Amino acid sequence: MPEIAVTDARGTEAERNAVADSIAIQSPGLITFDAIGPALLFDGDRVARSGAERIFNRRHLLLPVLHALRDAIGHISQGGVNEIAQALQIPPAEVFGVASFYELFTFEAAGADDIVRVCDDTACRISGALALSSELAADGRVVHASPCLGLCEQAPAVFVQRTGEQHVSVRSATKAKVDEALAGTMTTPVPPVPQDRADLTLLARVHDPLAVDYDGYVARDGYQALAKAVSMTPVEVIAHVSDAGLTGRGGAGFPTGFKWSAVAGEDGPRHLVVNADESEPGTFKDRVLIEHDPYSLIEAMTIAGYALGAEQGWIYIRGEYPEATRSLKSAIAEARSKGLLGDDVGGYGFCFDIEVRLGAGAYICGEETALLNSIEGYRGEPRNKPPFPTTSGLFGRPTAINNVETMVNVNQIMMLGGDAFAKLGEGRSTGTKLFCLSGHVQRPGVYEVTYGATLGELLDLAGGVVGNMKSILMGGAAGSFIGPDMLDVPLTIEASRENGFSLGSGVVMVLNDTVDFDDFVARIAQFFGDESCGQCVPCRVGTVRQSESLLRIRDKGARVEEERVMLDDFAKVMADASICGLGHTASGAILSAFDLGLIGGSQ
Amino acid sequence: MFGAGGGTVSYEEIETTDLIIMWGSNAREAHPIFFHHALTGVRNGAKMISVDPRRSQTAKFADLWLGLNVGTDIALANGVGKCILDNNLQNDEFIAHSTQNLEAYRESIDEWTLARTAAVTGLPEYAIAELAEAYATAPTAQICWTLGITEHHTGAENVMALCNLSLLTGHVGRYGSGLVPVRGQNNVQGGGDMGALPNKLTGFQDVTDNKIRAKFEAAWDCTIPAEPGLHLTLMFEAMERGELTTVFCIGENPADSEADINHARKVLEGLDMLVVQDIFLTRTAELADVVLPASAGWAETEGTVTNSERRVQRSRKALEPPGDAKDDLEIINMIADRMSPGWGNPSAGDMWEEVRAVSPMHGGMSWERLEEHGGLQWPCPTIDHPGTLFLHGWLWEPDLAGRDPAPFTVNEWRPHVDQVDDYYPLLMTTGRVLDSYNTGVQSDGYNSPIRSGETLDMNPTDAANLGVETGSRVEVSSRRATIDMTIRVQPDLPVGLTFTTYHFADTTDTNQLTIEAWDKKSGTAEFKATAINVEPKVNVSNA
């Protein structure tokens, strides 16, 4: 046993098997590690192999093994922790430390095979989530409150985490639907496409039921972008991406071509990582893309692998996206079987494959370096930058990390050419953007518009607002509230900034006058307090103090002006001194709500 | 001269070496500071191989662990040597230039085929071959050992067998490659270097050498015996014969630490006069006629200490000794002054200047320089000498710096003395754990969350056969005594081998069981191999 044993508990047979099976199989998508089986290997009782390299090559298996254990027995047990510690030669305290970081791992048996996680965050909160939660709990179900599940356009949303069965999302949830899901009789209708398909590029194949499999994809221009890419040199591919002016669509807006050039210029091996952790409240575009057009992501990643000289691709997808995960894995397996992933992609002479890794409920793992730590098998805590992932990323190797939507734009860029792509949009905001409309609009959903359309035009596409609009939350919990006076603002990076807000990940959550803003904003504050990774004092303490302040206002009638003074203080410390973007943005939306006079409604 | 008692390499070299062999060393627990350097090496890409009958905490860090039978190190070393020669992996140029006696060595190990070595050591043939190839082909490599090699009745020969391997492969006398006897206490190296040995004067200079003796007699104005004195084990034999009747024991607790302890205690009790100078009332002190309370060496005294990389460092006083306890040096000065009036009370600094004058290897180590450089490694003969990183560089010089080529030696394997049989079917080996220090004098005075008291660690199969489990009380007998112990089931032990420490002599007097069989060259007893019988204690109320 590793040195400091928490207890002597050994795993049950089911637990041992779950652990052993999950590390015994070499995943076909993982081509950069030649390591399967336990980190400690005995030959009789006189010879053993272990050691730093062997253990290092298996550390990244920790998160998948924890998932396997949890899915087999419903929670993370003491004996299971010790079995994992033995198998991977990681101290039990560290196994526990990693497991306890994640929301989806619990340490006591739930008392039921299914944990019903009801989203009580932003969009679902104003769509009856709390009442649904009480209803389900009264029925004897094990109910946990959940932060945003990325199903805001079909609020309220429920994620059913099961034992020994596939997990399930229930959309537009009711108690009856949840019961159907548990009985296996629920159907998930494909929502109609809100926009005219002729106007769409990124969403052209989404919601087209015939486009989901390989043949359907190919029949609708699939894999032509890859053919174009390999007809050029990798350097030319990157040049097109740079010329296109593509910037990150996950919220940070970093120039993609610049990032790719940096990585391609470093010595290999290099990694390509796609961030599908999509946990910003109000965001669901990546989920829609992956559920309904998974091949576009695979093709785009393959192009990126070619351009970067990266043989190993990774998709880190949040654990609360079971349908998207299944759709993705199925598409990847099919692509591999067609020779479009693996040793000689499409016969074009380069090697590329994709490994899918599941998150386990941690918003901070959407931060790029926290995501890398999570894949590597550590707590999802962000790293200090520099060094940046382009020089030292996954396993210390040069790594390009991109958002899902950013990636699928690469297919467009290949088809149009970089210059033509750059002509779409306005100024530095080139191409089209996906916006996530939710809350009080007629037709919530993902909308694609060219950069430069106004906010008002976007709301019209969604059928207009419901009721009297009071405010719009732009960019999610990490964004800001704006007033109804902003409808003429063009949706570009520059124009939004000039008007004091940011487009972020594309969240447009409309809120009418039925919203209890004291409660809504307190929930946002609580979200950051829960999701702070805890490694730096400004954020760990600041987000909690902020949350306490908003709760005082909501529950105890605390005076807004007094609380505002303290909140400004916390905001300054967090903005100045936090290690990562969570701390930097945790107070933005809250202070903007104060500025708009939305807080203290009861006063 | 090859074989001088000091590690041949520096700590910094292990951080960049290619291969580290921990052969009979559980440095993780017994030498944690040194092990940090080894781990830095591992992090920098070094491979580590652990050769140890049990899968110790050190072995858990190793890429490869070889669990050889207790006391078969010469067999394994000879087998590795033959495997290297058979596969032509030896360093011919180095052997021709820097060594002698290869043919005698080659002949002596000819019988150690892989098959024979495997049969004696209990290791599979491929593992022996893997060790041989790894050591011979590594660009740089170090063999580190401690009591796993020396606490045998063939301890000195065990060391020589390992030295042979370094000569065979040229892994000595150059940066990154060498032989590392990791010293136990922070200053056991220093103690020997100062001359607390029966055959060496200060600076590891031979007492039988007339010129050396003359130099010291001039410096000290006295006559020095021309023959070596008695080491500890010989002292006990002399005590038993009634020839040695007075003992002045400083900072040693033989009433707990000697093998076959009942015998040792009887002998100590028979002395005419026993004076003990120590920091606590140890079991030895309880037997004494006079007890002189002394200072704690790491905090209450001024001087120098020398570590396993031959580095002499300044040690500074931070506290006054409590109550009537006095500085060790002051006590000795007070006795000396009574024996030789006018001796005075020379300070540690005064003493050190004298050391520099008579010990060439310390010659350049003024206290100022030691402070300025954070310590200096001997040999450091002159005031401008920077100290010596690694030893035996002369092996690689064109003319061997005028010395004779280093000799291969012939070492016969002999099985350990206390063999198992039907009456004593299990083997017990002893060692140390991280948290405690030998007989506990320096470590038991404070609490520690990881110190759990004494157990007899046993393989699960053996435990099942005996019908015992962790926590069971058992009677453990050797051919010398019987004591009660508590079982702890330990899967990292091979079948047939048990393990314990002697850190808790008050509750578990392990050394009652151990055998005194000692190495004629080194005087160290075979603590590593005791044949035992284990019986579950019958609970009287259940009988």
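Bear in mind the structure is a predicted one, so any value in this text is a computation, not a measurement. FYI, side chains are in, hydrogens and waters are out, and symmetry mates aren't considered; it's all heavy atoms of this structure. In what follows, chains are A, B, ... by sequence order, proteins preceding strands, each numbered from 1.
Minimum interatomic distance between Leu123(B) and Arg46(A) (heavy atoms only, all atoms of both residues): CD2-O, 3.9 Å. Between Ala52(A) and Asp63(B), the shortest heavy-atom distance links the atoms N-OD1, 4.1 Å. Looking at every heavy atom in both residues, Val47(A) comes nearest to Ala127(B) through CG2-CB, 4.0 Å. Residues Asp45(A) and Pro494(B) approach most closely at OD2-CA, 3.4 Å, considering heavy atoms.
Chosen from Ile49(B), Leu64(B), Thr121(B), Leu493(B), the residue pairing most often with chain A at heavy-atom distances under 4.5 Å is Leu64(B).
Atom CD of Gln89(A) sits about 8.0 Å away from atom NZ of Lys60(B), to the nearest 0.5 Å.
Counting heavy atoms of neighbouring residues, nucleotides and ligands inside a 6.0 Å radius, atom CD of Gln26(A) exceeds 12 of them. No more than 12 heavy atoms of other residues, nucleotides or ligands sit less than 6.0 Å from atom CD of Glu133(B). Annotation for Gln419(B): atom CD counts as buried by contact number, over 12 foreign heavy atoms lying within 6.0 Å. Residue Asp343(A) places its CG atom among 12 or fewer non-hydrogen atoms of other residues, nucleotides or ligands, all under 6.0 Å distant.
When heavy atoms are compared at a cutoff of 4.5 Å, Phe56(A) does not approach chain B at all. Looking at Glu29(B), there are no atoms closer than 4.5 Å to chain A (heavy atoms on both sides), in backbone or side chain. The contact between Ala62(B) and chain A is made entirely by backbone atoms, counting heavy-atom distances below 4.5 Å.
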* What's the verdict on side-chain contact (heavy atoms from CB on, under 4.5 Å) for Arg55(B) and Leu40(A), showing C-alpha distance, side-chain angles and the deciding distance? -> CA-CA 12 Å; Arg55(B) 196 167 159 260; Leu40(A) 168 61; 3.3 Å; yes
